[in-house]
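Written out below as structure tokens is the structure these notes cover.
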Amino acid sequence: MTIIDNLPTVYDAKTTEEEMYKFWEENEYFKADNKSNKPSFSMVIPPPNVTGVLHMGHALDETLQDILTRYHRMAGYEALWLPGTDHAGIATQNVVEKQLRQEGKSRFDLGREKFLEKTWEWANAHKSAILDQCKRLGASFDRSRERFTFDEGCSEAVKEVFIKLYEKGLIYKGAYIVNWCPRCQSAISDVETEYETEDGNLWEISYPFKNEAGAIVIATTRPETMFGDVAIAVNPTDYKYKDLIGKTVCMPLTGREIPIIADEYVDKTFGTGALKITPAHDPNDFEVGKRHNLKPIWVIDGEGKMKSCPEVPPEIQGLTREEARIKTVEMLEVQQALVKITPHTHNVGKCQRCHTTIEPLLSEQWFVKMEPLAKEAIAAVKDGRIKFIPERWEKNYLGWMENIRDWCISRQLWWGHQIPAYYHNETGEMVVAKENPDPEHYTQDPDVLDTWFSSGLWPFSTMGFPNKETEDFKKFYPTSVLVTGFDIIFFWVARMITMGLEFTGKAPFSTVYIHGLIRDEKGQKMSKSKGNTIDPVKIIDKYGCDALRFTMTSLCTYGGQDIKVSDEKFEYGRNFANKIWNASRFVLMNLDGIDNKPIDFANITLADKWILDRLNTVAKEVNENIKNYRIGEIAHILYDFFWNEYCDWYVEIAKIQLQDANIKANTQRVMKYVLDMALRLLHPIMPHITEKIYSLIPNKDFPAIIRADYPKFEDKLVFTKENKEMELVIETIKSLRNVRQSFNISPSIKVNIVISGKDAETLYNNDVISYLKRLARVENASFANSNEAPKKSATTVVGDYKIIVPLEDLIDLKAEIERQNKKLEKLNKEKAGLMARLNNDKFLSNARPEVIEETRAKADELTKQENTIEELIKSLS
RNA sequence: GGGCGUUUAGCUCAGUUGGUAGAGCGCUUCCCUUACAAGGAAGAUGUCGGGAGUUCGAGCCUCUCAACGCCCACCA
């Protein structure tokens, strides 16, 4: 008892969280058993980058996953939540290169091997940092199964998949225009390119004809690429240029001769209707060039600088793209080849990682042929094997999949899975294999794979794949659900689905639960550069982990809207945690001498039955909502139940019942039972506080709440009649309190009441009278005939009952009449609406019978109340 | 250009088979009632973005307009 008596009045989140997490870890409660007979529930974490620092987005994502894991663990499933991290190719390489730069070195100074060594060192040192941070979130993932996208097993899976796809002809190598980041010095994929609107110019440049007067004027946004021009293109149906097709022009500045060709791609209405073709540096031009068999000319190198080649004038060579543009325009002006400059806003591609302007560059890269793979990935979603929640993301996913483009998977980096292709040093012959066939004569392709290639295998590479016979694979694959934000549907979700279907024949998960993104209070994306980030660890320090979890959960809507957060919002969860703490404290302090007997349903009070019935309904609703991923709804239901029903009403009534020796023991049982169950219901959302309190409950059924059974709906706890009766009692108390407030009756003054109405004694029995005495500060309650005219009293009408509060000299008659009139007015208004419907023949003939019945009953009730109040007013006047 | 989302109380937002609107914060009044002032009690507050339609009945369904936000596409 001493422990309980000494519980602080304010919930100490920090101590509790540390203590409870340790308790779970020490007892290995997070560990999933692949030999269990229970049905499996499994999930893989979206692996955070090794370079990552925990942010609010993780906090939300991890919390939702943890809620699902904890719920299923309690609800009879063998639950596995598998954690891990992503090697994050470019991001990690950037970090290590930055370090080197500070030492005045580049990765080339170290060489590939040394650089990789250093990067591994860095990754190993940081690999667990972010998952350790997740501990602060209460994450119940199974660390014994922690994986890394670049570990041995995942690397094996990557090789297996690459080779199989290659053998199937679904991976190919070729020269195509790719998005090239001059800063990362690597190709990136389409989805890694973001477009931004920029103000630029449209320059019109005149290309004179060869051997004759005149010129053709083209329009371009990138004059510096002109040195790579191989043709001028016009639309074949454009009468303006019809006669020019086939002619040759001499390029300004260099004088190089190029032909005028016709291609339907050209838009007659844009610019001058004539277009320069630069196949090496523009994706559309590349296509045009291919159609016309034009040889591309490279004029920009991988660093984004102008090449030193004969096609580029010496003044331009070596300049950056930006410098070259200025210089080129200058030179054109001098030559009077510049016809016009028009301001022009257009979209410019940027590297998702470093925000550098993308250079479309023709280069030799590896690609995955997506269309054949997409077929099944589309079918799986269409036929319901995979369900998106909210559903609208399906459309988004399908739209992308149906217009899928090949996936550029090679990156000119060092940190990542090196492509398992080997070239013969002399013949150049290529072998795709897991190992180098002959290290003396073959050299491995220097490129590495896109990070998302390995993440795409995550749900099965972590379960043992390519071995499909491991215990984990058999028990836990496919996984149950994938929880993530919509921002990586294309990057990740889509790839897992395609790869999963192709390599395991099964959808890697049956549900994709997409939640909103965390934003700041103004609705802006949080980012370090904007300085509007909120550090979840700081929130946890200030408000507690469970407060953070509860608040975020409560903000999740069914539609998956983005979530705006601000520091103060977490007070909501903190206050709730404190409420739980104190209510529990009260209950625990009042369990002295409690026996181990079950609740005695034969000797149970109205309030007992009511709270059990309510708990039962809540358990039902929570289970239903969690199955439908309406997690925010659960938070609201539980908040409302715990605070507004259990604390505000049941615990207050229990205080009265505990003083009655006859019902004390049973009250203790009910009080404890409901607390126990409420804590279990809350545990997935608020794990620490519930575990802590559970540990203090005497004679409990389970050693830890994390492994307790989740409450379910039970038929024996249905008390519909008592539920209704209790509602009337609550309403009575509320209206009596209203009377007190209206007449400024000090809490220290007790009032007498007279109750009238049919069978009033049945509802307002001794138990209920005792509630009224305490909760409405009633001195004496008596019963009387309703026809008695109340003078000098305030009256309140509840259901079929009239409760009179004689107020002697306290009463201000006028005020009471006014009060009653106001109420009457309200009732009149409400009734008018109901009557309008009931007097409408169409309503009567069309509405569902139960709706009509309901409306009628309500109208009757209102009429009754109206009559009573009218009568009252008459007697008062 | 195509698609999606949002618009409800002063603020932030809930509201799914269509039955006549809710929460938290804030505000007003009262209360340190032996779990909790991070608390308790009683209140006030809405032409549910505009318009039209379907329906007996619309915050919810249809159309349309407006504002804001996002995604995809990429005409140089």
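A, B, ... follow the sequence lines: proteins, then strands. Residue 1 opens every chain. If you're wondering where the values come from, they're calculated on a predicted model, not measured in any experiment.
Remark: the separation of the C1' atoms in B:U47 and B:A42 is 29 Å, to the nearest Å. Using atom P as the reference point in both B:A37 and B:G46, the two lie 34 Å apart (nearest Å). Of the P atoms belonging to B:A67 and B:A76, the separation is 25 Å, rounded to the nearest Å. Separation of the C1' atoms belonging to B:C13 and B:C56 is 33 Å when rounded to the nearest angstrom.
What separates NZ of A:Lys525 from C1' of B:G69 is a distance of 12 Å, to the nearest Å. Atom CD in A:Gln561 sits roughly 18 Å away from atom P in B:C68 (whole-Å rounding). Atom P of nucleotide B:G3 and atom CZ of A:Phe388 are separated by 20 Å, given to the nearest angstrom. The distance from atom CH2 of A:Trp643 to atom P of B:A38 is 11 Å, rounded to the nearest whole Å. Here B:C56 presents its P atom at 12 Å from CZ of A:Phe843, a figure rounded to the nearest Å. If you take CD of A:Glu224 and C1' of B:A76, they are 12 Å apart, rounded to a whole angstrom. As a whole-Å value, the separation of A:Arg519 CZ from B:G69 P is 11 Å. A straight line from CD of A:Glu853 to C1' of B:C56 spans 17 Å, rounded to a whole angstrom.
Nearest approach of A:Pro390 to A:Gly559, heavy atoms of both residues: CG-O, 3.4 Å. Closest heavy-atom contact between A:Thr690 and A:Leu679: CG2-O, 3.4 Å. Closest approach of A:Ala776 to A:Ile733, counting heavy atoms only: CB-CG2, 4.3 Å. Shown here for A:Trp407 and A:Ser189, the closest heavy-atom pair between the two residues is CD1-CB, 4.0 Å.
Within the 4.0 angstrom heavy-atom criterion, base atoms lie near A:Asn347. Nucleic acid contact class of A:Arg837 (heavy atoms, under 4.0 Å, all strands): base. Residue-level contact check: A:Asp648 touches the backbone only, with heavy atoms under 4.0 Å from sugar-phosphate atoms and none from bases. In this structure, A:Lys564 reaches the sugar-phosphate backbone alone: every heavy-atom distance under 4.0 Å involves primed, P, OP1 or OP2 atoms, never a base. If you check every strand for non-hydrogen atoms under 4.0 Å, A:Tyr195 touches a base. Using a 4.0 Å heavy-atom criterion, one finds that A:Val266 contacts the bases of the nucleic acid, with or without backbone contacts as well. The residue A:Lys822 sits apart from the nucleic acid: no heavy atom pair falls under 4.0 Å. No engagement by A:His281 is indicated, since no non-hydrogen atom pair under 4.0 Å with the nucleic acid exists.
Dashed line: the shortest gap from a side-chain N or O of A:Lys655 to OP1 or OP2 of B:A35 is under 4.0 Å. Contact between the side-chain N/O atoms of A:Asn582 and the OP1/OP2 oxygens of B:A35 is not found at any separation under 4.0 Å. Of the side-chain N and O atoms in A:Asn744, none sit less than 4.0 angstrom from OP1 or OP2 of B:U29. The shortest distance between the side-chain N/O atoms of A:Lys522 and the OP1/OP2 oxygens of B:U12 is not below 4.0 Å. For A:Lys579, no side-chain nitrogen or oxygen approaches OP1 or OP2 of B:A38 to under 4.0 Å.
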Verify salt bridge (charged side-chain N to carboxylate O under 4.0 Å, His left out) between A:Arg519 and A:Asp562, making sure each step is shown before the conclusion.
-> CA-CA 7 Å; A:Arg519 296 177 180 280; A:Asp562 286 353; 2.4 Å; yes
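Listed candidates were B:G43, B:A76, B:A35. Nearest to the side chain of A:Asn738 is B:G43. Of the listed nucleotides (B:U12, B:G39, B:A35), B:U12 has the atom at the smallest distance from the side chain of A:Lys569.
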Donor-acceptor list for residues 828-841 of chain A side chains, cut-off 3.5 Å, not counting sequence neighbours:
unit_1	atom_1	unit_2	atom_2	d
A:Asn828	ND2	A:Leu824	O	3.3
A:Lys831	NZ	A:Thr863	OG1	3.4
A:Lys831	NZ	A:Glu866	OE1	3.4
A:Asn839	ND2	A:Met835	O	3.2
A:Asn840	OD1	A:Lys842	N	2.9
A:Asn840	OD1	A:Phe843	N	3.4

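Side-chain to base pairing of A:Glu652 with B:A41: no donor and acceptor N or O lie closer than 3.5 Å to each other. Residue A:Arg574 places a side-chain atom within donor-acceptor reach of the base of B:A38, judged by atom type and a 3.5 Å distance cut-off alone. Side chain A:Lys734 to base B:A41: no donor-acceptor pair is found below 3.5 Å.
When each of A:Asn575, A:Ile580, A:Asn582 is checked for a side chain to side chain contact (heavy atoms under 4.5 Å, CB included) with A:Asn578, only A:Asn582 meets the rule.
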